[in-house]
Amino acid sequence: MQNNKEKAAICIDIKVDYPFIYFLGDHRIVFVYEITSKKAVNAEVLFNSDRFRAIEMCEEEAFETFRHGGRTTPEETSFFMKENELAELVKQINRVIQEN
């Protein structure tokens, strides 16, 4: 049996650095999505995409200057999100897609 860390993912801030959109969640988790087309996404597309990932920020990092380059999702860590939170992520991603 694996000892997975499980963390809630309540997003509290959003930042766009097109083509990337960043969502800061509780526990200093940043969800990153890379926009690669003008086609709208849905929850299924989002979670089955290799362009959506979660990265844990260091304590000393500020979300405003956070960059994900070269980082990966911590191994053996899972995240869960309420349906309404997931819907908000999808909504924000689609808003950025439409604006660009």
Side-chain angles (χ1 to χ4, degrees):
M1 183 173 181
Q2 283 184 319
N3 286 331
N4 287 347
K5 298 177 202 169
E6 202 171 88
K7 298 181 180 182
I10 300 169
C11 293
I12 55 177
D13 205 357
I14 298 170
K15 178 177 83 165
V16 177
D17 184 14
Y18 195 83
F20 299 99
I21 183 167
Y22 300 90
F23 302 92
L24 176 61
D26 284 350
H27 309 288
R28 302 190 58 78
I29 301 299
V30 178
F31 293 92
V32 181
Y33 182 73
E34 181 182 11
I35 299 168
T36 59
S37 84
K38 297 290 185 180
K39 188 176 177 183
V41 299
N42 59 35
E44 182 180 356
V45 168
L46 187 64
F47 276 113
N48 289 322
S49 172
D50 60 350
R51 296 172 308 205
F52 182 67
R53 53 195 166 128
I55 299 168
E56 199 163 15
M57 282 188 359
C58 297
E59 286 295 322
E60 63 275 0
E61 285 185 283
F63 180 63
E64 298 76 24
T65 57
F66 175 81
R67 295 291 181 269
H68 70 281
R71 302 184 199 207
T72 60
T73 301
E75 289 189 34
E76 297 185 8
T77 301
S78 60
F79 302 94
F80 63 94
M81 188 176 295
K82 293 179 181 176
E83 188 175 336
N84 64 328
E85 295 167 345
L86 176 58
E88 184 62 26
L89 261 65
V90 169
K91 176 182 168 186
Q92 294 300 325
I93 290 169
N94 287 329
R95 178 187 58 80
V96 172
I97 289 170
Q98 289 178 349
E99 291 174 357
N100 288 283

Side chains of [X] and [Y]: does their closest heavy-atom pair fall under 4.5 Å?
X     : Y     : result
Arg67 : Asp17 : yes
Ile14 : Leu89 : no
Val96 : Tyr18 : yes

Cation over ring face, Lys15 and Phe63, 6.0 Å, 45°: yes

Given Phe52, Phe20, Phe23, the one that forms ring pair (Phe, Tyr, Trp, His ring centres under 6.0 Å) with His68: Phe20

Nearest 0.5 Å, please: how far is [atom2] in [Y] from [atom1] in [X]?
X     : Y     : atom1 : atom2 : value
Glu61 : Glu64 : CD    : CD    : 11.5 Å
Leu46 : Arg51 : CG    : CZ    : 9.0 Å
Leu24 : Ile29 : CG    : CD1   : 9.0 Å
Phe31 : Ile93 : CZ    : CD1   : 11.0 Å
Glu34 : Arg53 : CD    : CZ    : 8.0 Å

Atom CD of Glu99 with >12 non-hydrogen neighbours under 6.0 angstrom: yes

Expected output: side-chain Asn94 to main-chain Val41 donor-acceptor under 3.5 Å: yes

Between Gln92 and Arg95: side-chain donor-acceptor atoms closer than 3.5 Å: yes

